[in-house]
Number of protein chains: 2
Amino acid sequence: MSTILVVDDDPRLQRTLSIALRAHSYAVLTASDGRTALQVIAEETPDVVILDLGLPDLDGTEVLRRIRQASLVPVIVLSARHESDDKVEALDLGADDYVTKPFGVEELLARVRAAGRRSGDIGKALGVLATEHFVLDFAERRAKVAGEDIRLTPTEWRVLETLCREPGHLVTQQDLLRSVWGPAYGRESNYLRVYANQLRRKLEPDPATPRHLITEPGLGYRFVP
Amino acid sequence: MSTILVVDDDPRLQRTLSIALRAHSYAVLTASDGRTALQVIAEETPDVVILDLGLPDLDGTEVLRRIRQASLVPVIVLSARHESDDKVEALDLGADDYVTKPFGVEELLARVRAAGRRSGDIGKALGVLATEHFVLDFAERRAKVAGEDIRLTPTEWRVLETLCREPGHLVTQQDLLRSVWGPAYGRESNYLRVYANQLRRKLEPDPATPRHLITEPGLGYRFVP
DNA sequence: ACGGCCCTTGACGCGATCTTGACGTGCCGG
DNA sequence: CCGGCACGTCAAGATCGCGTCAAGGGCCGT
């Protein structure tokens, strides 16, 4: 059973969606503004978020950005606007899908299913993780740093993926080595030092004083968005 | 990766087909009666349906009719009867292919591949894709580069189509191989390198420095218009 | 039967990427 | 103050994957 969070300030739409989703056996949470939404996501960890861009307190894209700093939950964006700029921006920030109003309930349900399935595929399918300074799109293997497209090598991606699976949490050297280089690589080696270095040079604003890729001496690394 | 729905009331046949299809890297769903089948199609949107006409609850042709009211998914009909009446009727109702029992698994697999490919062709009806430098008319199978009409071979078209179905997105080598050469071609081969090369020579302004057909080393290709 | 087109396959070179070892630096405890 | 430890940095050699080419074979139309 999946839990869906609906973020919209229109009570009628909230009700419509709630009924439709519950009819399809989803558990539904609702929020009417961005702050509440962020709080609910932190506390209830829904499986999918449906987010209207037109919110009373915060700009929708800002909400999305903050969600992505904390979580990789699939987000489906709703918008009344048809401008593709919004669409591109939303997808760049890590929305998983984009639906313009008005939309059919069936269509939305299909997208919820698709989003849930993708995230259910867990394991290897991370979405997008963004900060002010860079955007990491794991599905597409694209990285933007300070607005510029950046190339990362396959191994660099695998290291990042492992770290970003639990943003902000410590990942031990053993876990990293095993997950990237295979189960045989249990013990210390140069690998992590070399690749941490590479990644910092490519991603950090100031590679000398890392803000995102943090070393935990003797233990491992931590990636904080 | 394609998803196949097998609709048959004979558990043995269900099992046989599931094993054979899964061995060829399809995801398999099953249904034992018409109602379930319709529901699964609505909810899971399989890529191909294999439908036995002899079902317990509804007449097979009736099931097919209802499928066609809701979806364009390719349907391959199975039938124990040899009467061509059934065949004609099924094809009239929108079946994509017709196989009489008993049949060889290889034959069925070939037809599944063909159906999948066709639906790839028409399913998302690619129209025309144009840039300053070239125009690709998928419907008409015509290409213009720098004002000149250019010939592309069938395989070149299929590769391009697969890439252009999601312009700008990464398409993995596996997806490409499976979609163009069939599900059996999961592993690496020269195909992609050769055809990427051909396409670049024919389409790129400067084939040495590709701007549209981009390689993602170790992963696949990306077509950016 | 012949010729042409297209698909397939193997070989080869090159550049990017990975691996490995050596050395530098800062921290800590003895 | 010294030594050890852990991490950061660098560069050179090995390796891998891709682009490229061309030969061979099947299929189709003439």
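- The backbone N or O of B:L170 lies less than 3.5 Å from a partner atom in the side chain of A:E140, making a donor-acceptor pair.
- Counting only distance, with no hydrogens or angles, the side chain of B:R222 and the backbone of B:G168 share a donor-acceptor pair below 3.5 Å.
- Proximity of a side-chain donor or acceptor of A:E204 to a complementary backbone N or O of A:L213 within less than 3.5 Å is detected.
- Axis angle between the ends of the helix from C:dA1-D:dT30 to C:dG30-D:dC1, five pairs each and rounded to 10 degrees, works out to 20°.
- A distance-only check finds no donor-acceptor pair linking the side chain of B:E156 to the backbone of B:Y195 [under 3.5 Å].
- Separating the CG atom of B:L192 from the P atom of D:dC18 is a distance of 9 Å, rounded to the nearest angstrom.
- Not one N or O on the side chain of B:D8 forms a donor-acceptor pair closer than 3.5 Å with the backbone of B:D52.
- Against DNA chain D, the stretch residues 203-213 of chain A makes no heavy-atom approach under 4.0 Å.
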Task: Chi angles and distances behind the salt bridge (Lys or Arg N to Asp or Glu O under 4.0 Å) call for A:R66, A:E62 - done: CA-CA 6 Å; A:R66 295 210 196 167; A:E62 176 62 18; 3.0 Å; yes
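- The side chain of B:N197 contributes no N or O atom lying less than 4.0 Å from OP1 or OP2 of D:dG19.
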Task: Per-nucleotide protein contact string for nucleotides 14-30 of chain C (B base, S sugar-phosphate only, - none; heavy atom under 4.0 Å) - done: ---SSBBBB--------
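- At the phosphate of D:dC7, OP1 or OP2 sits under 4.0 Å from a side-chain N or O atom of A:Q173.
- The aromatic rings of B:Y191 and B:W181 lie parallel to each other, their planes meeting at an angle below 30°, with 60° marking the opposite boundary.
- The backbone N or O of B:H133 lies less than 3.5 Å from a partner atom in the side chain of B:T131, making a donor-acceptor pair.
- Rounded to whole Å, atom P of D:dC5 lies 17 Å from atom CG of A:L219.
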Task: Worked check of side-chain contact (heavy atoms from CB on, under 4.5 Å) between A:L51 and A:I76 - done: CA-CA 6 Å; A:L51 172 66; A:I76 300 172; over 6 Å; no
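- Ring centers of B:F223 and B:H169: at least 6.0 Å apart, outside the cut-off.
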